[in-house]
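All values below were derived from every heavy atom in this structure, side-chain atoms included, with hydrogens, water molecules and symmetry-related copies excluded. The model shown is predicted, which means the values in this text are computed figures rather than measured ones.
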Amino acid sequence: MTLSRIKTAVDVVRAFYDGMNRREVAAVEPLIAEGCVYEDLVFPRPFVGRERIIGFFGKFMGTISLDLQFVIDDISADDSVAVGVTWHLEWRGKPFPFSRGCSFYRLLAGSESESQQYGRDCVEPAAKPRDLALVIIRGVTWILERFPSLASRF
């Protein structure tokens, strides 16, 4: 999908995934706003600014096989600037293990609505804590209830 054919926020997000699947950094770059903030929750800090984000995407694209493709499972289309996506990866047409995710994108409003100003990716963890997750939440809550000043450290 070329920039001239992009009409909606959903088109921008679809063009983004299309560029990622083709491993074309040049196709993805104009879809990222200059001051964009991108959070991939696998990493401890967000990537800030088009240059850092494109650098990360370029490294990602150079690391994975062309046979590994993003497949959009569902995409929201009701908002003109915010888009939610659920997706998974496939390798040669078959689901790739531990590769489901969901993403949220907010685009610039107005005339520059063809670029993302914010993105967040949540990817399925390879290690699944199961009920341990509830134990951890309960434990952290117990600690914070007794020592509320610790919450300011998050």
So OG of S115 and CG of L31: to nearest 0.5 Å the spacing works out to 8.0 Å

Are F147 and V140 connected in a single hydrophobic cluster, I mean Ile/Leu/Val/Met/Phe/Trp/Tyr linked by side-chain heavy atoms less than 4.5 Å apart? yes

Indicate, with yes or no, if W91 and V71 share a hydrophobic cluster defined by side-chain heavy-atom contacts under 4.5 Å among Ile, Leu, Val, Met, Phe, Trp and Tyr. no

When hydrophobic residues are tied together by side-chain contacts of less than 4.5 Å, even through go-betweens, does F96 share a cluster with V42? yes

Is the distance between the ring centroids of Y38 and Y118 under 6.0 Å? no

Between the side chain of E124 and the main-chain N/O of R100, is any donor-acceptor distance below 3.5 Å? yes

What verdict does the side-chain contact (heavy atoms from CB on, under 4.5 Å) test give for R120 and L41, after you've listed the backbone C-alpha separation in whole Å, the side-chain angles of each residue and the deciding distance to 0.1 Å? CA-CA 7 Å; R120 178 183 287 175; L41 299 183; 4.1 Å; yes

Backbone N/O of L89 and side chain of S99: donor-acceptor pair under 3.5 Å: yes

So CZ of R92 and CG of L68: to nearest 0.5 Å the spacing works out to 11.0 Å

Under the ring-ring contact (aromatic ring centres under 6.0 Å, His included) criterion, do F56 and F43 qualify, and how do the steps go? CA-CA 11 Å; F56 169 72; F43 294 90; 5.1 Å; yes

Considering all heavy atoms, the nearest N21-L66 contact: O-CD2, 4.1 Å

So, do M61 and V25 sit near enough that their side-chain heavy atoms are less than 4.5 Å apart? yes

R146 side chain vs W142 backbone, donor-acceptor pair below 3.5 Å: yes

To the nearest 0.5 Å, atom NE2 of H88 lies from atom CG of D73 at 5.0 Å

Check the orientation of F70 and F60. Use parallel for under 30°, tilted for 30 to 60°, and perpendicular for over 60°. tilted

Judged by atom type as modelled, is there a donor-acceptor pair below 3.5 Å linking the side chain of T86 to the main-chain atoms of C102? no

So, E24 side chain and G19 main chain: donor-acceptor pair closer than 3.5 Å or not? no

Before you tell me yes or no, could you show the steps for E39 and F47 under side-chain contact (heavy atoms from CB on, under 4.5 Å), namely the whole-Å CA-CA distance, both residues' side-chain angles and the distance that decides it to 0.1 Å? CA-CA 6 Å; E39 293 181 291; F47 297 90; over 6 Å; no

Correct closest heavy-atom pair for A9 and V83 would be CB-CG2, 3.6 Å

Nearest-0.5 Å distance, CE of residue M20 to CZ of residue F16: 4.5 Å

To the nearest 0.5 Å, tell me how far Q69 CD sits from W87 CH2. 13.0 Å

Would the number of heavy atoms belonging to other residues, nucleotides or ligands and lying under 6.0 Å from NZ of K94 be above 12? no

Return yes if some donor-acceptor pair links the side-chain N/O of R50 with the main-chain N/O of I32 below 3.5 Å, else return no. yes

If only atom types and distance count, is the side chain of R23 paired as donor or acceptor with the main-chain N or O of S65 below 3.5 Å? yes

Once you round to the nearest 0.5 Å, how far does CG of L107 lie from CG of D79? 9.5 Å

Could you report the tightest heavy-atom contact between V10 and A77, atom names first, then the distance? CG2-CA, 3.6 Å

Heavy-atom closest contact (E29 atom, I54 atom, distance): CA-CD1, 3.5 Å

Looking at every non-hydrogen atom in both residues, tell me the closest pair between V28 and F57 and how far apart they are. CG1-CD1, 4.1 Å

Going through the distances and angles, do V135 and L132 end up as a side-chain contact (heavy atoms from CB on, under 4.5 Å)? CA-CA 5 Å; V135 172; L132 182 58; 4.3 Å; yes

Parallel, tilted or perpendicular for Y105 and Y17, by the 30°/60° rule? perpendicular

Answer yes when D18 and R22 have at least one side-chain N-carboxylate O distance shorter than 4.0 Å, and no when they do not. yes

